[in-house]
Every structure is written in C-alpha cells, then in structure tokens.
Amino acid sequence: MENTPRVFALVDCNNFYVSCERVFNPKLADKPVVVLSNNDGCAVARSNEVKALGVKMGTPWFQMQPLARQHGIIALSSNYTLYADMSQRVMTILRDFSPEVEVYSIDESFLGLQGLSRLWPTYTDLGQAIRHRVGQWTGLPVCVGIAPTKTLAKLANHLAKTRPEFAGVCDLTVLKEGQLAGYLACLEVGEVWGVGRRIAARLQALGIGSVQALRATPPHVIREHFGVVMERTVRELRGISCLDLEEVAPPKQQIIASRSFGAPVISQEELREAVSRYMQTAAEKLRQQGSVCSAVQVFIHTNPFKTHDRQYSTGVVVPLTQATDDSRRLVAAALWGLARIYRPGYCYKKAGVMLLDLAPASVRQASLFSQVNPRTAHLMRVLDELNAAHGRNTIHLASSGIQQRWAARFDHRTPRYTTRWDELPRVHA
DNA sequence: TCTGGGGTCCTAGGACCC
DNA sequence: TCTGGGGTCCTAGGACCC
C-alpha cells in the first residue's frame, strides 16, 4: 500500500439523537421532532421536518413555542444512555468493514478505505453496503462521504446528505475535476470543516464565498491571513492529505464536569452538593483513562441571560500536593476552592469542575515521594464497578447530598430501552 | 418561568527576570 | 527632560468542533 493514495470515508448518522428515538418509537417517523439539551434548554438534534421549518441548532425550546404549537413539534429530553449505546452498536458494525476506524464523535467515524477496493466493485458499493447493514442491524440511517482527504470526505458526506442523486453515498474520487469544482462552487465556505462563523465572514470579506473559491486560493495567501491551521485546510481541499486517522484516542488533557441547575441555587451548602457530585463524575472519568491529576479548578456563575440580575462569574485553581485519582481528595480540594470563591447574595445558575495537569497513573506510581495506598485504589475500583453495574451515582460520597434539588430537569425523557431491564421496549400483540 | 456540555488548539498580553 | 529590551511562563479568551 506504499504508493496507494489515501482514501477516507466519513460515515455520519443522520439526525442521530432523533433517529435513535425513532428506532424505538415509530410513531415519531415523518413527524417534526427535536431532542433538547440538559434542563430541556436548547434543540441539539432536529429531524428534517424541523430543519425545514428553519429551526437552527441550539435554539432555546421556549423560543420555538409558537412554531411548536403551530406545527406540532414533538420535544424529547436527551437520553444520553440510549444514544451512547446505539453509537457503540454502529461503530462495531463499521469495524467489520475496515480495519482502520477513527471514532470521531458519538455519531460519526472516519474509515481508511485504501486497499479495500479489491473487495468491492467500487467504493460506492462499499458505502451502500455500510448503509444497508447499519440500517438493518440498528434501524439508524447513515450517509457516507468518500474522498482522498478527511476534509473532502466531510464535504462528500454533506453532499451525500443533501443531494438526492447520490442516494446517501458520495465518492469524490471518481469525479472529474470539472464536476468536483462544480459541486464545490455550490457550497458555502462555512460548510468546510474548520471554517466557523467568524472565519467564514472574514473569508467573505476577502471575496472568498464558495468552497471552490477557497480551494482556488493559494495556500500561502490563506496562511498570511489565517495561520497554519487554515492553510492545512486549503491543502486538504486540494486533495493533499494532511490529517491522518487517529485510531487510538490520545488521553484527554483535561476533564470537565459542569451542569446548569434545574432550579436557582443561593446557598453554599447546595453549591457544595453540586460541586461534590460533578467532581465524582469527573474523577470516575479520570480513573477510566488511567490518569491522575495534580490541580483542580472550580467555577460558579450566575445566569448571564438574566441581564437585570447582579452577575458573578469566577473560578479558582487549586493545586494538589501530589497527583491523585482519589475521589475523596479531589472533592475535598474542589470544596476548599468553592469556599474561596463563594459569595452570598447571588442566584447561581451553573457550577463546574475541571481536572488539570493530567498524567498517566503509572508515572505517579514510580515516584518516590507519593506512595499509592493500595486500599484507596481498591476502594475506588469497587466504587466504579458498583456504579458501572447499577447506574451512575448509585454509590456516592455523602457530600453530594440526597435531595439534590438543584439537579437538572428532564421533563420529556424516553426510556433507556437498551441498557435497563425495567425499561425495555414492550411489544403489544 | 424557560437559553447545553465537553473538548482542542492558538494567540495576545501580563508578570517576571536578567 | 530623560524611563530598555528580550526571553519565558502563565492565563484568559477566542475560535473551532460535535
């Protein structure tokens, strides 16, 4: 495969969260459906019917009330347990098709395809086979984009989703240059992976409006205006692969756990409960990736949308004397930090913690001055195993409270169909 | 009444030192 | 009256992604 040019596929689930809900509730098919973020705040997934109504990603649910009533939009709280499980099923299927899979997000993966062309008449046939099997085995619709670079594969996927003539699979490698330029001339520059709202506006100001126009701009010109990252993007658009597959995810450099509250919080006592709980979630993730951390950050803030309220937003970093993954020590550090920044008299909306300065746990164990207590490691393992078996937060430190009045609301949650015995879908004869 | 959460990378600017 | 310059480190904030 030395001289075989790279070929990437991007497999992306259509309207992923909405599609997951439809698998288990067929009545949602063809209806306008949105899935809402935590606290039933914003639309984070929209069915095609909702997109056609002009609802943008991130629109607050309360703002689309008139439209929702008029068109019968169905709103569901997000059911992350279900989506994560469905995602795993899709990714498992993709591994049957290619030995090289990079899981890029919960609903999309890059596949390395070069070398597989001998097994299939065309890459398009391979893409259709993926669509068919994922559809048959999970019920989820996916589209496939195929191209010599990841950036082009992203665009190919977009074409596969929006142009009916591709029937869900778009292979740019078989297009003639003129055809490719024609398609790219119809796409706005903001569709390019790595070009967001701000950069799109600046490109427009330079007279670069379409993807084809960006592709036709010399990379060094782009570098002068936008830096090395955007220059790489232009090279990728020109078919020169600069971004390779990352099949093994590198360990995270920071771990965040934060939530908006379901109800306003004023007292330090309730903030302590929330911070304690978030830290226990973060610590679990830390141990999962086999890391220890040597600094934690705590932050709290009021609701920035309530402009008439007095605002307060701050955070503090608490260094640890030695790196650890012990929930009890991490929670203690976070609560110490909270006491430093808490001010009475504010209506708090959100709190969070960050784990910083992460390092592999194995390095710490080699250190002379920080012996690991084997009983701590055992305790944490038992904690994690119990919570994995019986659901997050089954066992927790007392400092995170019992009532948790501040916990986020999920008023439209659907059952966790695939991961809880008592929530399995029922079939009525 | 009601506006998400979790990441990465890059850069500008301040603090500090010599 | 006249008030350096360069390097490093750290942090905050911007921009992007899903």
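To find a chain, count down the sequence lines: A is the first, B the second, and so on, and within it residues start at 1.
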A.B. asks: Look at the side-chain N and O atoms of A:Lys349 and state whether any lies under 4.0 Å from the OP1 or OP2 oxygen of B:dG4.
C.D. replies: no
A.B. asks: Over how many whole Å does the gap from A:Arg232 atom CZ to C:dC16 atom P extend?
C.D. replies: 15 Å
A.B. asks: State whether the number of non-hydrogen atoms from other residues, nucleotides or ligands found under 6.0 Å of A:Gln311 atom CD is greater than 12.
C.D. replies: yes
A.B. asks: Among A:Leu286, A:Ile255, A:Asp357, whose side chain to side chain contact (heavy atoms under 4.5 Å, CB included) with A:Ser291 holds?
C.D. replies: A:Leu286
A.B. asks: Ignoring backbone atoms, establish whether A:Arg409 has a side-chain N or O less than 4.0 Å from OP1 or OP2 of B:dC2.
C.D. replies: no
A.B. asks: Is it true that atom CZ of A:Arg287 has more than 12 heavy atoms of other residues, nucleotides or ligands lying nearer than 6.0 Å?
C.D. replies: yes
A.B. asks: Using whole Å, what does the distance between atom P of nucleotide C:dC18 and atom CD1 of A:Ile256 come to?
C.D. replies: 18 Å
A.B. asks: What's A:Gln65 touching, base or sugar-phosphate or nothing? Going by heavy atoms closer than 4.0 Å.
C.D. replies: nothing
A.B. asks: Would you tell me if any nitrogen or oxygen in the side chain of A:Ser260 comes within less than 4.0 Å of OP1 or OP2 on B:dG5?
C.D. replies: yes
A.B. asks: Could you tell me how the ring of A:Phe299 sits relative to the ring of A:His301: parallel (under 30°), tilted (30 to 60°) or perpendicular (over 60°)?
C.D. replies: parallel
A.B. asks: Going by an N to O cut-off under 4.0 Å, is there a salt bridge joining A:Asp40 and A:Arg409?
C.D. replies: no
A.B. asks: Identify, between A:Pro251 and A:Met57, the residue whose nearest nucleotide on DNA chain B lies closer to the 5' end.
C.D. replies: A:Met57
A.B. asks: Taking the minimum atom-to-atom distance to the side chain of A:Phe305, which one of B:dG5, B:dG7, B:dT3 wins?
C.D. replies: B:dT3
A.B. asks: How about A:Tyr183 and A:Phe166: are their ring centroids closer than 6.0 Å?
C.D. replies: yes
A.B. asks: Check the phosphate of B:dT1 against A:Lys306, side-chain N and O only, distance under 4.0 Å to OP1 or OP2. Yes or no?
C.D. replies: no
A.B. asks: When you measure from the side-chain N and O atoms of A:Ser258 to the phosphate of B:dG6, is any distance below 4.0 Å, counting only OP1 and OP2?
C.D. replies: yes
A.B. asks: Can you list the residues that meet the ring pair (Phe, Tyr, Trp, His ring centres under 6.0 Å) rule with A:Tyr104, with sequence neighbours excluded?
C.D. replies: A:Phe110, A:Trp193
A.B. asks: Which of these nucleotides, B:dC9, C:dC18, B:dT3, is closest to any side-chain atom of A:Gln253?
C.D. replies: B:dC9
A.B. asks: Take the protein atom CD of A:Glu231 and the nucleotide atom C1' of B:dC9, then report the distance between them rounded to whole Å.
C.D. replies: 16 Å
A.B. asks: Could you tell me whether A:Asp40 contacts a base, only the sugar-phosphate backbone, or nothing, with contacts defined as non-hydrogen atoms closer than 4.0 Å?
C.D. replies: nothing
A.B. asks: Which listed nucleotide (C:dC18, B:dG4, B:dC2) is nearest to the side chain of A:Phe62?
C.D. replies: B:dC2
A.B. asks: Mind calculating the distance between CG (A:Asn303) and P (B:dT1) to the nearest angstrom?
C.D. replies: 13 Å
A.B. asks: Tell me: NZ of A:Lys252 to C1' of C:dC18, nearest whole Å?
C.D. replies: 12 Å
A.B. asks: Does the side chain of A:Gln297 get closer than 4.0 angstrom to OP1 or OP2 of C:dT11 through an N or O atom?
C.D. replies: no
A.B. asks: Nearest-nucleotide wise, let me know which of A:Tyr17 and A:Lys285 is further upstream toward the 5' end of DNA chain B.
C.D. replies: A:Tyr17
A.B. asks: Where along residues 184-214 of chain A does a heavy atom come under 4.0 Å from DNA chain C, residue by residue in number order?
C.D. replies: A:Val192, A:Trp193, A:Gly194, A:Val195, A:Gly196, A:Arg197, A:Arg198, A:Ile199
A.B. asks: Which residues satisfy the ring pair (Phe, Tyr, Trp, His ring centres under 6.0 Å) test with A:Tyr346, sequence neighbours excluded?
C.D. replies: A:Tyr312
A.B. asks: Find the distance A:Gln289:CD to B:dT8:P and express it as a whole number of Å.
C.D. replies: 9 Å
A.B. asks: For C:dG7, give its Watson-Crick or G-U wobble partner with both distances under 3.5 Å, or none.
C.D. replies: B:dC16
A.B. asks: Using a 4.0 Å heavy-atom cut-off, does A:Ala408 contact any base of the nucleic acid, only the sugar-phosphate backbone, or nothing at all?
C.D. replies: nothing
A.B. asks: From CZ of A:Arg413 over to P of B:dG4, roughly how many Å is that when rounded to an integer?
C.D. replies: 17 Å
A.B. asks: Expressed as a whole number of angstroms, how long is the span from A:Leu36:CG to B:dG4:C1'?
C.D. replies: 10 Å
